[in-house]
Amino acid sequence: MIAQVVVDVAAKQTDRLFEYLVPHILENDVQVGSRVVVPFGKSRKVQGFVISLVDETDYEGQLKELLMIVDELPPLTPELVDLSAWLSQYIFSYRITILKTMLPSVLRANYRKILVPLVKDDLEVRQLFGEKQEIDLAEIDDQDSTIIASINRLLRVDKIKIEYLVESRAKVKEISEITAVKSSGELRVELEKLRANAHQQQKLLNFLITEPKLPLSQTELEQQLAISGATIKVAADKGWLTRSKAEVYRRPITTQTNKNRNDLVLLPEQVQALEQITTSVNADTATTFLLEGVTGSGKTEVYLHAIANTLDEGKTALMLVPEISLTPQMVRQVQARFGDAVAVLHSGLSEGEKYDEWRRIRRNEAKVVVGARSAIFAPLQNLGLIIIDEEHESSYKQDDTPRYHARDVAFWRSDYNKATLVLGSATPSLESRARASKNVYQLLTLTKRTNQQSLPTVKILDLKEAKFAGEQFDLTQELVDAIKTRVQRKEQTILLLNRRGFSSFMLCRSCGFVLKCPNCDISLTYHKSTNQMKCHYCGHTEAVPTSCPNCHSDEIRFYGTGTQKIEEELGKLIPQARILRMDVDTTRKKGSYERILNAFGRNEADILLGTQMIAKGLDFSNVTLVGVINADTALSFPDFRSAEKTFQLLTQVSGRAGRAALKGSVLVQTYNPEHYAIVLAQSQDYERFYHQEMQVRHQGNYPPYFFTSLISVSSKNEQNAAKEAFIIKRKLMRELNGRVLILGPTPSAVSKIKQHYFYQILVKYKREPELNAFLHEIQDAAQTQKKYGLNIYIDREPDKFM
DNA sequence: AGCACGCCGACT
DNA sequence: GTCGGCGTGCTC
């Protein structure tokens, strides 16, 4: 038998299958998806994954044998093996890179090289090793030339050798478990025989006689009886009980036992949506639904019912949520409904917890998976339903390699499994909403809020006209007064500062004008190195203006405000207010995110001030005011999605006010009070926003009317990167002339990363079946001129352009 | 990627 | 002659 293997060497030239003979003793164990260790090259050993098993080979040379199979159960299901083939082609990534991202990180091999002596009685060998049996090559100081020389000398005369090790980091947690072996009668006899002062052993025997509820973990037993491990060892030696190793799972959250199926009465709209979803699940159709529901319309309840139905059908369900919404409260909600059938996967778990949750899925013990982006690769079998909540969230697209979009993967898995896919959002991405219009997706709408609450009133404050409180031009008097009122009434405020501040674009303080590219209608970004304003899309540059080109005022400034600055200012303006700040800086440590939110939930602060991470999912009944410090920040970003992102953010953050009995209000500060994204967010009118934004996209030839791919060229030598970028552009023009639009090449915003220069080209295309093949060709061709360390990265449907 | 091999100049 | 530096090519 011959195994075709993808080896753990991420490089263009090794991105293919290598064949290995399967030794007879392993023939029964090896399967498609098995993780194996194979010899590779003259001396290396590497990890690999079995893609297929065949009987014949075309290989001319002598095949090597695979060395071992690492796991009992193959980590990859045949579905995931197939998926990796498609996805690697689709997103221009190495197959091994995809395979590794599909699996928990502990399944990545550790490679070590160690020196071992081949002769014992040699002076130089003993000098090198001392007392040690082996030396890890990684621990040798590569500056120390005498040691290096000695090692090389000894290697040449075969007195020592290098051993290549492949180590698995996957550790299974085991506990010691106690089982009784003797009957109560026999134990009573033992009790009689004990010395009178053997109190600990008496305690243990009495327990064993009366409590037959075994097996029990040793730690638990020790705690219950307040006895030590030594006592148990004695007992084991005397043959009263046996100890055995038992595997346990590291569980992230202690599961709540109350399976409260508080079946809320669903509204007619919810029932209708649910019916369509369940019909599709039960009929095994790979239908995609877009569930468009206003905030508070009870999408989650629909999901939970749909999952319950899927389980009843004997199938499994996968639910993706943005990382930020994976709060313990949300997880508990799902666990309360489905108990141990739920596995949770997100970045807050330790490696061990992730591995154990993953194993519960792989062993078909968990039937429901809730997780962030990478959970889309969960090895569920018999998948019946996939849900992507907040489907518009940009966090579903990974922004470094492999640059996959969870939505694309979900679509593939839905098709493969004939499973139903539900995309849910109050503010769907234009791409998804447009597909619903073309009936590629089925549109389901929820227009009514479950608690009959009206949406909070949203007021827009024009920063051009407003009176500012304090010295700075950040907080209007009206906003500060509103906060003061809330503080007095002991109600809470959420204040959103759109992005972490940094001066990257120019805004006129008197008229709100933002300096934009004349070709792209995208705001220009300040490049410090050249002291110029530059467009990220087409490369247009111009000088930094000293006065506003629109109103000629000299109030034009780099824009940027930080949470820290606002916090200080608020402290001065409302000294009695207690402020909690939440941004990248205050949430860097693990668990601090939760700690801040819990503190706010316990009313330990009046104001929660934060970046967009506070816009989603938070549900605090005492919050009656939401303030948006500057709605323009996202709007002015050099991104054709800036209006969409602004609309989504404002809609979402508005949903944070007035969640319970208290009526909420929202104050939005902006320099662009007439901008449609802001006006329509005020009325929470997604549909109108969608239609208007579609026109803008149509005019600018942007998605969803065009597909986009971003080609990045990098090299240590800036000239080479630029040259290659222009060569690629010329090729594209020649081969696909008239059928694609090409922007650039332009140096990327951060044009130098880790000593490498980056140039990028944006390709826009309507339907281009040849493009994919052509881009692969380009990537291959450039790679052959490897002399200058030239690299081509291709990002399909990029979200960030830097 | 990361290994060995081979060719070349520098030093015992 | 021997040692180490770097460019090249291959990995079932």
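Every chain is numbered from 1, with letters handed out A, B, ... down the list of sequences. Not measured: the values here are computed from a predicted model. Side-chain atoms are counted along with the backbone in the values below, which use heavy atoms only and exclude waters and symmetry mates.
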Of all residues at least two apart in sequence or in a different chain, which pass the side chain to side chain donor-acceptor pair (under 3.5 Å) check with A:Arg359?
-> A:Glu247, A:Asp356
Cationic N near anionic O, under 4.0 Å, A:Glu357 to A:Lys354 | no
So what does A:Ala11 hit on the nucleic acid, given a heavy-atom distance under 4.0 Å: a base, only sugar-phosphate, or nothing?
-> base
Partners of A:Phe92 by ring pair (Phe, Tyr, Trp, His ring centres under 6.0 Å), sequence neighbours excluded?
-> A:His776
Sequence-distant partners of A:Ala375, side-chain contact (heavy atoms from CB on, under 4.5 Å), two or more places apart | A:Leu320, A:Leu345, A:Val369
Could you run down the sub-3.5 Å N/O contacts of the protein with nucleotides 9-12 of chain B?
none

So, is A:Tyr164 close to the B:dA4 phosphate, meaning a side-chain N or O under 4.0 Å from OP1 or OP2?
-> yes
Tell me: CD of A:Glu65 to C1' of C:dC12, nearest whole Å?
-> 13 Å
For A:Leu73, check side-chain contact (heavy atoms from CB on, under 4.5 Å) against everything at least two apart and list the hits.
-> A:Arg362, A:Arg363
So salt bridge (Lys or Arg N to Asp or Glu O under 4.0 Å) across residues 146-169 of chain A, not counting sequence neighbours, yields A:Arg112-A:Glu167, A:Asp122-A:Lys159, A:Glu124-A:Arg153, A:Lys161-A:Glu163, A:Arg169-A:Glu351
Residues of residues 38-47 of chain A with a heavy atom under 4.0 Å from any atom of DNA chain B, listed by number, are A:Lys42, A:Ser43, A:Arg44
CD of A:Glu19 versus C1' of C:dT11: gap in Å, rounded?
-> 14 Å
Side chain of A:Gln13 only, please: which of B:dC3, C:dT11, C:dC12 is the nearest?
-> C:dT11
Whole angstrom is fine here: how far is it from CG in A:Leu53 over to C1' in C:dC12?
-> 15 Å
Length of the line joining A:Lys12:NZ and C:dT11:C1', which is rounded to integer Å = 17 Å
State which residues pass side-chain contact (heavy atoms from CB on, under 4.5 Å) with A:Gln398; sequence neighbours excluded, sorted by chain then number.
-> A:Arg373, A:Asp400, A:Pro402, A:Tyr404
Taken to the nearest whole Å, OH/A:Tyr111 to C1'/B:dA1 is 11 Å
Using whole Å, report how far CG of A:Leu67 lies from P of C:dT11.
-> 17 Å
For the pair made of OH in A:Tyr59 and C1' in C:dC12, what is the distance, rounded to whole Å?
-> 5 Å
Under 4.0 Å between a Lys/Arg side-chain N and an Asp/Glu carboxylate O for A:Lys645 and A:Asp799?
-> yes
Kindly write out the residues that satisfy side chain to side chain donor-acceptor pair (under 3.5 Å) with A:Glu391, not counting sequence neighbours, or none if the list is empty.
-> A:Arg407, A:Ser429, A:Ser432
Would you tabulate the nitrogen or oxygen pairs shorter than 3.5 Å linking the protein to nucleotides 2-4 of chain C?
none

Salt bridge (Lys or Arg N to Asp or Glu O under 4.0 Å) involving A:Asp71 - partner list, sequence neighbours excluded | A:Arg35
Just how far, in rounded Å, is P of C:dC10 from NZ of A:Lys64?
-> 15 Å
Mind checking what makes side chain to side chain donor-acceptor pair (under 3.5 Å) contact with A:Arg413, not counting sequence neighbours?
-> A:Glu79
